[in-house]
Amino acid sequence: MAKLTCKLVHIYGLEKEKRGVLERLQELSVMDIETVSEDELLGQSPEGYQKTDTQSQTTAYERQLSDAEEALKIIGRRFPEKKGLLASFEGPPLIRREDFYLDRNAIQTAVTEIHDVLEWERTIAEQKAEIIRLKTTAEQMAPYASLDVPLSFSGTARTTAFIGSVAGNYTLEDLLTALAEQDPTVDFYGEIVSTNSDTSFVFLCCPVAQREQAAEALRTLSFARPVQNTSKLPADKIASKMRRVTEAEQKIETCLAGIQKVAAKRHSLEVFADFCRAKAEAYRTFGQIDCTAHTVLIRGYVAEKDIPKLKEALERDFAVVLEITDADEHRAPVQMKNNRFASPAEALVEMYSLPSAEDIDPTPITGFFYYLFFGMMFSDAGYGLLMMLATGFALTRLRLSKAMRKSCKLFLYCGISTFLWGLVYGSFFGDSIAVFSEKFFGHRVALPALIDPMNGDAVTMLILSIALGMVQIIVALCAKFATCMKNGDRAGAFFDAGLWITTLVGIVIFVIGATVFAPVKTAGIILVGVSVLGLILTQGRDKKNPIARIFSGIASLYDITGYVSDLLSFSRLMALGLTTSAMSAVFNMLSAMGGKTVGGFILLIIVFPLGHAINFGLNVLGAYVHTLRLQYVELFSRFYEGGGKKFQPFSMKTKYVDLDSATIKEEKL
Amino acid sequence: MTLGTVLALFGAAAATIFAGIGSAKGVGMATEVGMGVLAEDSSKFGKMLVLELLPGTQGLYGFIVSFIVLTKIGIFGGSADLTTFQGGMILAACLPIAIGGLMSGIAQGKAAVAGISLFAKDETAFPKALVSITLVEIYALLAFLISFLTVILL
């Protein structure tokens, strides 16, 4: 229930076994290899040692990896893998060790396939562009399709031909008239090849001698030569373009078929991608460790509990010497280890910041209060039951990744707490039982409730919320006490944490005395008085001047405002609990509005699930966020610093497949 | 139906309307910025949703107060005719969450916008953004407490 003790391990081995040792370390995934040694920080390398340059191997594997990822992306886009809804929650498939280390042939096949896929994809893109080009050309030619001379035809020995378009939709008669109006001297002969709404495509001839005037007359009608100029007949040209379009389409088909064939074996590509990823990681690490001509030195941090495993696995097959020393707590990475109940909350602590060397691991406290407060805010037996069923199903039936398993467990515990609080508040999908029994069966049957938020017990809820808040604050101060003791700060422990604890406890006793049990009232007052006096005397203990010391002692009492506002902050426990109940009540009322009729029944089966789905979604998010806030602000601010370095073992870091079957078994409920 | 009931209804309406406007504006602002971030990196959706929805509670608080008022004045069956004086008191009791919800919803929306920008730049800053945005919420919570307790105890 705390941070794991880390040891600094030096592994001395033989240079020729370097690869084997590192591969074994990578599989074990228990060692956070330290790549920059203390000596190097001072600008010196350990005597006689130097690093191997593995840049080229690393880059080669990284390039393979990025190609493989690219190919997989293409396959995924063209032929998406059909996955069930449930399967999408599952982690990557497990794979046996011997299937992961690919042999030369498998690598060669994968590389060829990846290359092919990328090539095919490129071809598809090129052919698509080509099709557009061809179709554009064909479209530009289309108006001239019925012309029986090539577009480049410029005339005979005696005539000059004009092929092109003029602005406006003309008949031949109109066109010749319009030209005659421009220049009556030119003898035009011609035909309209085709027209569309605002352009006419024309073929005109005139005697060679009148070429200049003809051109002039045509210019006034905005004559333009065709964009495409070819010596073939337009109809032939169009046909040949369309033929090439068909060819390009066939090429695309072939490429797609090729990609589809590879898509069927995408899992082998995924293994290959992960293989390259692991290799790249391995070579990157190779390049960072120190070697001499015949020996190698690997330095890193290992959790104490993993050391026998590491020793056994290395000494069995390799000639190595392990030197194990205590790690410097400030430099060592942090690994948390908690019992089954608290460990799901590790993710919440990690999201804030990992514990530093000075901190205690806050996970058990956070876990307890997180489950408690989440349930109090969500507070519905029905919703709790749904959460338990969903997460229970996922945990037992699906093969989840480690992180997913952890968050499922977190929500399982939150669900249990929600269920229990729902019973306390007598809420099962809100007041559904009461509403439906009254509407459909005639007499009202309500769930018994210890505290009924919707019927006058809201003040009790508020008091309970503040009281639980007080408990959390006192626990936080106790944690501060423990933190101070751990760091040898006795004065801090007793004066800063201890005196505030007694003050708060005194206030609690006083409140109990004033409301329920009068005899303890005086005891409370005395305890508060003594503690406050203690605070005034001790809080300025770093000041030399006795008067300044007393003054800063008095000023420190101002902290009480912080405690008051923190306590008020816990009223959100009531507010969010009420939100769940009130919104459920509204939806229940709406869904039962139709009464005992067919229409009423239809209304019920539509509104009830929909309404509660909305309510569930809104409030589960609210409960998650606000519970988290109560941890980060009201709990952590009292004693927790954070800033620890995450333990990142040298490992496979796979994405598509999972080799780590042993640890998954260990993690099972 | 008496003038008192009408006044109380005005109170209920104000609580839902103004607290709702506050939340709608707040969530709206945050979502606009959030969409921009998602356009760059859609993997942030889950956490972004949390940040976007934070200014949404004010509307819920207003709604609860209205709901309690409506049950009290017998809208959902039964009838309790209120005197003008009682109605006025309920109206007054609704004002804290109406105005507090309106202002704090917008303020929290602005904080959420800033928080989202922070989160977009640095993913590890998520808890800091989250906690900072909820700082505004305490004032909506205080307004709600006063409205709620008054309405319940009146």
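First the proteins, then the strands, lettered A, B, ... as listed; each starts at 1. Any value given below was found using the heavy atoms of this structure, including those in side chains, with hydrogens, waters and symmetry copies removed.
For the options Ile64(B), Leu49(B), Val50(B), heavy-atom pairs under 4.5 Å to chain A are most numerous at Ile64(B).
Proximity to chain B involves both the backbone and the side chain of Leu578(A), based on heavy atoms less than 4.5 angstrom apart. If you measure heavy-atom distances from Met583(A) to chain B, the contacts under 4.5 Å come from both the backbone and the side chain.
Under the 6.0 Å cut-off for aromatic ring centres, Phe429(A) and Tyr383(A) qualify, their centroids lying closer than that. Taking the six-membered ring for Trp and the full ring otherwise, Phe570(A) and Phe373(A) have centroids separated by under 6.0 Å.
Ser104(B) meets the side chain to side chain donor-acceptor pair (under 3.5 Å) test with Gln58(B); sequence neighbours excluded.
A 4.5 Å side-chain heavy-atom check between Asn619(A) and Met377(A) finds every atom pair outside the cut-off.
Taking the centre and axis of the six-membered ring of Tyr563(A), the NZ or CZ atom of Arg638(A) falls inside the cone set by 45° and 6.0 Å.
Screening residues 618-635 of chain A for salt bridge (charged side-chain N to carboxylate O under 4.0 Å, His left out), with sequence neighbours left out, gives Arg629(A)-Glu634(A).
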Extract all donor-acceptor atom pairs below 3.5 Å that involve side chains of residues 347-355 of chain A and protein atoms in other chains or at least two apart in sequence.
| from | atom 1 | to | atom 2 | distance (Å) |
| --- | --- | --- | --- | --- |
| Glu350(A) | OE2 | Lys646(A) | NZ | 2.7 |
| Ser353(A) | OG | Gly643(A) | N | 2.6 |

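Residues of residues 129-143 of chain B that come within less than 4.5 angstrom of chain A, heavy atom to heavy atom, are Leu130(B), Val131(B), Thr134(B), Leu135(B), Glu137(B), Ile138(B), Leu141(B), Leu142(B) in numerical order.
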